[in-house]
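Side chains included, hydrogens not; waters and symmetry mates left out as well; all remaining heavy atoms used. Just so we're on the same page: letters track the sequence lines, and every chain starts at 1. Just so it is clear, the structure is predicted and the values come from calculations on it, not from any experiment.
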Amino acid sequence: MSDNNSILETSVAERLASEALIVDVDGYEGPLDLLLTLSRTQKVDLRKISVLQLAEQYLEFVEKAKELRIELAADYLVMAAWLAFLKSRLLLPPDPKEEGPSGEELAAHLAFQLERLAAMRDASARLMGRDRLARDFFARGVTEDVTRIRKVTYTANILDLMQAYSRIRTKDEFRPLSFESRDSILTMEQALDRMRGLIGFSGEWTDIMSYLPEDWAGDPKRRRSATASTFAATLELAKEGKLEIRQHETFAPLQIRKREPQGD
Amino acid sequence: MTEENESLFEAPPMGEQERMVEAILFASADPVTIRDLAGRMPHGSEPAEALVHLRKRYEGRGVRVVKVGDAWAIRTAPDLGFLMQKETVETRKLSRAAIETLAIVAYHQPVTRAEIEEIRGVSVSRGTIDQLLELDWIKLGRRRMTPGRPVTFVVTEAFLDHFGLESARDLPGLKELRQAGLLDNRPPPGSDLPETEAGDDDQVDLFQAESDDAYLEDDIIDDDM
Amino acid sequence: MTEENESLFEAPPMGEQERMVEAILFASADPVTIRDLAGRMPHGSEPAEALVHLRKRYEGRGVRVVKVGDAWAIRTAPDLGFLMQKETVETRKLSRAAIETLAIVAYHQPVTRAEIEEIRGVSVSRGTIDQLLELDWIKLGRRRMTPGRPVTFVVTEAFLDHFGLESARDLPGLKELRQAGLLDNRPPPGSDLPETEAGDDDQVDLFQAESDDAYLEDDIIDDDM
């Protein structure tokens, strides 16, 4: 590649770049990004950059944008104003009466900012270029979660216990069985009446349970009450000599039958 | 194609192949077949042989190379399974049903389930009884010598231990409960318990509460158990 | 309690401890801290020592024992990544803003949003920060003890894990950048003056860091990591 060619290419590249700058102004992330890009055209170490030259380039860029009626965001214009100020400071001999940082100081700081931004760009590229998890190296494919074994222990103290007991004992709903509900109670009188009527027909030994009123044999509470009162009634009738009771063995069914009048 | 031709592809040394198998088995979510291994490794590799080496290398280690069906995987050594468990102890209050049931057993023992239901006025779930049995706070007592011979429940040594009692008889009686303000002064409506009597009778009548009407019922109650 | 008493618990032999650490690290996709290891291993175990042995054992193998911040993990050797296309997870492509912001947080941490903006020369969108927080690559650090107590951002363990870093100190080029003064938070000249003239306000906003004291904490990266 000849020198001529390369010069030509550079100028073409530069022209393209400057056009791109204008077209792509939105592609820049603010004035600092733009300044950094412009500084690249100086092809020197960022530490040796000519801030004055950079300021001129930037101002030129803004001028061009204006010519092309490209609307620049406010921060680009603010930067332009500041660079114009910086440029004048750099060009004019320092005024000893003027307060504030010198043009050189301001320029140095801008150069620092550019260098720092460039360094961060470089660092981010290096970071993203590292071997990365799930791309270059990998974690365990099958993981075994720690199974949490929950062991529940229950506690209660003596106070809980006593309170629970008193709660039951003082519960409004609490009633001894016989008061619980009248309609579940077959009184002994009722059973006796019933048995007196029925026993006359029972010549054979019959299971006492068959004497329970039919509608009292289902529901356990009613069955229980009917059993008790029927049993009590049979005892009463046996005492009166009206019937006999027998049981073959403990827990065997109770059987009853009419007792034939004696002495007949 | 002769075999010599294939060797031109120069498979990596066996040590490298072993590393590859190791990495693949490590990173795969599922067990990997030899065929899969061969498909992923450089041409000419011999995953089966590499596996033999790898398996040997992991012998006695914290993880092992194991065969799962037709495929291979790395798994935790069985004796270290305990490391994958974390026991957390959670303390919970006993449910109201459980504490009430427990109180009834303590005050009325030996007591049948039907009697517990009678006293609580609601049915007692199997779970509640089981929980108390599991806690080793109640146990089965003698069967009641009534029709159906229902089982009874009594409290255990562990119960006495937990509640700091020498015996169930040490439980405060109704009168003491009342004095301690744990019990309303209002006697339960229709209560025929002689709780107003003087002396230490409370305890006795508590343990007698099962008396009277309670017992005829047993045969019926059993059916429910 | 003397040390002799403690030894009554008899920690398992180091070889066993090494197996345990191996099993635990293999079982977890995420790095496990020494503290967690100790919590799961039998009393008296010394996971830190076991890790030294284990790390050595895996040198040059297909998987490696790596340190991630305060925690440890097993990862496949990076040179074998080519075998893993199957496991590769397509990560969402990060915007340039997000990548730069991430790098700035990593190299300058703890760093405030205003400082990130100062370095990049543009404002940082909420979405960029959110995205990095969501990836669990950055998190909130301590508040800066300056007026307004701005929040700071720092990188996470997941960040270190993702980029294969033992600690933020191992960030590539960190030392050089520091030596070049490029990690300094150098205040703009004149910013120590009470207030600049009204006309300069805008650009002060743009390029001046939030305040001077902000930079007292310059070297915090060391303290934190």
> Take atom CG in Asp70(C); do more than 12 heavy atoms of anything else shown fall under 6.0 Å from it?
Replying inline: no
>> Please determine whether the number of non-hydrogen atoms from other residues, nucleotides or ligands lying under 6.0 Å from atom CZ of Arg35(C) exceeds 12.
In response: no
Identify the two heavy atoms, one from [X] and one from [Y], that lie closest to each other, and give their separation to 0.1 Å.
{"X": "Ser124(A)", "Y": "Ile99(C)", "result": "CB-CG2, 3.4 Å"}
{"X": "Gly121(C)", "Y": "Pro31(A)", "result": "O-CD, 4.4 Å"}
{"X": "Leu182(C)", "Y": "Ala119(A)", "result": "CD1-CB, 3.7 Å"}
{"X": "His109(A)", "Y": "Arg186(C)", "result": "CE1-O, 3.2 Å"}
{"X": "Leu117(A)", "Y": "Glu100(C)", "result": "CD1-OE1, 4.1 Å"}
{"X": "Leu32(A)", "Y": "Glu118(C)", "result": "CD2-O, 4.3 Å"}

Answer with side chain, backbone, both or neither: which region of [X] has an atom nearer than 4.5 Å to a non-hydrogen atom of chain A?
{"X": "Arg64(C)", "answer": "neither"}
{"X": "Ala97(C)", "answer": "both"}
{"X": "Leu177(C)", "answer": "side chain"}
{"X": "Ala73(C)", "answer": "neither"}

> With the threshold set at 4.0 Å, does a side-chain nitrogen-carboxylate oxygen contact exist between Asp170(C) and Arg130(A)?
Replying inline: no
> Just by distance, do the side chain of Thr143(A) and the backbone of Ala29(C) share a donor-acceptor pair under 3.5 Å?
Replying inline: no
> Within the side chain of Arg140(A), is there an N or O that forms a donor-acceptor pair under 3.5 Å with the backbone of Phe26(C)?
Replying inline: yes
> Would Leu183(C) and Met120(A) satisfy side chain to side chain contact (heavy atoms under 4.5 Å, CB included), going step by step from the backbone distance to the final call?
Replying inline: CA-CA 9 Å; Leu183(C) 300 183; Met120(A) 281 300 110; 3.7 Å; yes
> Counting heavy-atom pairs under 4.5 Å to chain A, which of Leu165(C), Asp79(C), Val63(C) comes out on top?
Replying inline: Leu165(C)
>> Tell me which of these, Leu25(C), Val66(C), Asp161(C), Leu102(C), has more heavy-atom pairs under 4.5 Å with chain A than the rest.
In response: Asp161(C)
> Relative to Phe137(A), does Arg75(C) satisfy both conditions: NZ or CZ under 6.0 angstrom from the six-membered ring centre, and within 45 degrees of the ring's axis?
Replying inline: no
>> Can you tell me which of Asp131(A), Leu127(A), Asp136(A) forms the most heavy-atom pairs within a distance under 4.5 Å of chain C?
In response: Leu127(A)
